[in-house]
Amino acid sequence: MNHRRTFLKYLAASPLYAGVPYLRSAAQGAAPQTVDAMITRSEDALDVFDFEPVARNNIPPAHWGFLSTGVDGEQTLKANRDAFARYQLHARRLVDVSHIDMSVELFGTRFSSPIILCPLSAQKAFHPEGELAVARAAKARGQLQILSTVASTGVEDVAAARGAPGLWFQLYTTSEQDVAFKLVKRAEAAGCPAVAVTVDLPAGRNTETLSRWARTDTRVCTACHAPAGSGFFTRPMFSHIDTAGLSIASPSLTWDFIKRLKDVTKMKVLIKGLECAEDAALALSHGADGIIVSNHGGRASETGRATLECLPEVVAQVRGRVPVIVDGGIRRGTDALKALALGATAVGIGRPYIWGLGAYGQPGVDRVLELLNNELRLAMVGVGARNLHEITRTSIIRPA
Ligand SMILES: Cc1cc2nc3c(=O)[nH]c(=O)nc-3n(C[C@H](O)[C@H](O)[C@H](O)COP(=O)(O)O)c2cc1C
């Protein structure tokens, strides 16, 4: 990986390289040009899509496949993105927008922006500094980071780099309740004020794109890490846990677990991976302190609904009693504004900050956050909203 990085740096600095065209992401929301020169410094990025090809070059093919994959034919992945185009901003003029406050309070802590860094596993697969680089960028910008159970770095080190209480923990329950409680207690001891229990991957998935990219990777995976699947338990969060016979999730998990979890921790408990009003109602009746509307970035069930389409019914069910966070396909500040207008308390991003990480480490993540924050601020100016409360359903239009 280091040789590859050195070579790419050399290539990027070479006069031969200047002006070599590449195909920019055709993703909806990317600027409408097809050919450009690849950026060579994070500060040159004009939108988050600029990081994607740089990251793709830096990251080993199998890891790139893991990052970009959806499931089956990736229709849920596409739906997440397409949903944002169904809404337009409702422009309002002659509002005093000289001061825009994007801050949001979650469980008593104020963050500078409603854009949250979602839990993504094993970030050293994308850059040697992994979660620590992300933590430093999140700290510098005052934004919330959520750490995966299967992170490459333990919660204590990431909490120290991010600073409490700006780090939440994401829980994969595993197949053993006692293991889940041990993980949660460790995160609580490290100072995390909240845990997000991920419930959208109870029994496997079919990641075709990952398999296709992995076949093109000539390296031997097991030279660096344990084989896929069992590799989860080599991660730092499992260092003092007996993992014999353990699975990362339990197909028999039900809502009772949430009640039991509430009894063993003082942390706020959010449920990550809900998509409908019925489950939102069950979450509240079992004591959940928050909901993350998510389909795992299109990586769980196929031909599902876009999370943006799921959001309104969850918000209507919750009626402001607990925070509702949404993630999936957010690539622009305008996307964030649309989700906030549909009632989200805050929004999460996944792949975009990993593009920044894979491209340039901490400065890349920092620039991704800066770009999205700037775009959100401009979107708020456009709809005449001076703070998040002034972003309402009337800030956007859905044409018939
Ligand atoms: C490579 C990758 C790894 C992920 N790992 C986790 C994880 O460990 N735990 C989890 O709850 N969600 C995980 N997710 C889902 C993200 O938290 C988030 O829901 C999703 O990435 C948001 O969609 P976006 O990538 O389109 O922004 C992962 C997503 C990706 C792309």
Side-chain angles (χ1 to χ4, degrees), residues 25 27-29 48-49 51-52 55 59 62-71 74 76-84 115-127 130-131 134 144-153 155 158 168-174 183 187 194-202 205 207 209-210 213 228 231-232 235 237-238 248-249 270-275 291-301 304 306-308 310-311 325-332 335-336 339 344 346-358 368-369 372:
S25 169
Q28 180 260 320
V48 301
F49 300 103
F51 288 104
E52 191 182 353
I59 294 172
H63 297 186
W64 178 257
F66 174 63
L67 176 62
S68 39
T69 197
V71 285
E74 305 193 336
T76 309
L77 179 67
K78 185 170 181 301
N80 276 353
R81 196 70 209 106
D82 290 348
F84 291 100
I115 297 170
I116 295 171
L117 298 152
C118 285
L120 263 100
S121 48
Q123 295 179 7
K124 284 188 183 166
F126 311 115
H127 188 276
E131 290 84 359
V134 175
L144 174 63
Q145 177 185 10
I146 309 181
L147 185 74
S148 168
T149 298
V150 287
S152 327
T153 312
V155 67
V158 183
W168 294 0
F169 183 66
Q170 174 268 328
L171 179 72
Y172 281 131
T173 62
T174 78
L183 292 166
V195 54
V197 187
T198 298
V199 295
D200 53 15
L201 280 182
R205 57 180 174 177
T207 48
T209 294
L210 165 58
W213 276 89
F232 291 136
R235 307 278 160 72
M237 289 308 291
F238 292 98
I248 197 67
L270 296 95
I271 318 292
K272 179 174 185 281
L274 300 189
E275 300 185 36
I291 290 172
I292 305 184
V293 176
S294 175
N295 53 29
H296 220 104
R299 298 161 76 85
S301 312
T307 47
L308 195 74
C310 303
L311 177 64
I325 297 166
V326 65
D327 70 35
I330 291 167
R331 306 287 180 265
R332 287 283 187 186
D335 300 335
V347 301
I349 55 165
R351 295 175 184 87
Y353 80 85
I354 301 294
W355 296 338
L357 177 71
V368 163
L369 294 179
L372 289 175

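Both counts, for ligands and for their atoms, begin at 1 and track the order of listing. The residues of the chain are indexed from 1 along the displayed sequence.
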Got an N/O contact under 3.5 Å between [X] and ligand 1?
| X | value |
| --- | --- |
| Gly329 | yes |
| Ser148 | yes |
| Cys118 | no |

Exercise. Taking the inter-plane angle between the rings of Tyr172 and His296 on a 0 to 90° scale, is it parallel (under 30°), tilted (30 to 60°) or perpendicular (over 60°)?
Worked result: parallel
Problem set entry | Ring geometry between Phe126 and His63 (parallel below 30°, tilted from 30 to 60°, perpendicular above 60°) | perpendicular
Which atoms of ligand 1 have any heavy atom of [X] under 4.0 Å away?
| X | answer |
| --- | --- |
| Ser294 | 19 (O) |
| Leu67 | 1 (C), 31 (C) |
| Gly350 | 21 (O), 24 (P), 25 (O), 27 (O) |
| Lys272 | 10 (C), 11 (O), 12 (N), 15 (C), 16 (C), 17 (O), 18 (C), 19 (O) |
| Gly328 | 22 (C), 23 (O), 26 (O) |

Provide, to 0.1 Å, the distance between [atom] and the closest protein heavy atom, together with that atom's residue and name.
| atom | value |
| --- | --- |
| atom 9 (N) of ligand 1 | Tyr172 OH, 3.0 Å |
| atom 13 (C) of ligand 1 | Pro119 O, 3.0 Å |
| atom 11 (O) of ligand 1 | Thr198 OG1, 2.7 Å |

For this session: Indicate yes or no for a side-chain donor-acceptor contact from Gln170 to the backbone of Ala196 under 3.5 Å, with no hydrogens or angles considered.
Result: no
Exercise. Quick one: does Asn80's side chain have a donor or acceptor within less than 3.5 Å of a partner on Gly297's backbone?
Worked result: no
Please state which part of [X] comes within less than 4.0 Å of ligand 1, counting heavy atoms only: side chain, backbone, both or neither.
| X | value |
| --- | --- |
| Arg81 | neither |
| Arg351 | both |
| Arg235 | neither |

For this session: Answer with yes or no whether the side chains of Ser294 and Asp327 bring together a donor and an acceptor at under 3.5 Å.
Result: yes
For this session: Cation-pi check, Arg351 to Phe51: give yes when NZ or CZ is under 6.0 Å from the six-membered ring centre and within 45° of the ring axis, no otherwise.
Result: no
For this session: Answer yes or no for Asn80: is there a heavy-atom contact with ligand 1 below 4.0 Å?
Result: no
Exercise. Below 4.5 Å, heavy atoms only, C-beta onward: do Val48 and Trp355 meet side chain to side chain?
Worked result: yes
Problem set entry | Ion pair check, Asp335 and Arg81, cut-off under 4.0 Å | yes
Please tabulate, for side-chain N and O atoms in residues 115-123, each donor-acceptor pair with protein atoms closer than 3.5 Å (sequence neighbours left out).
from	atom 1	to	atom 2	distance (Å)
Gln123	NE2	Leu120	O	2.9
Gln123	NE2	Tyr353	OH	3.0

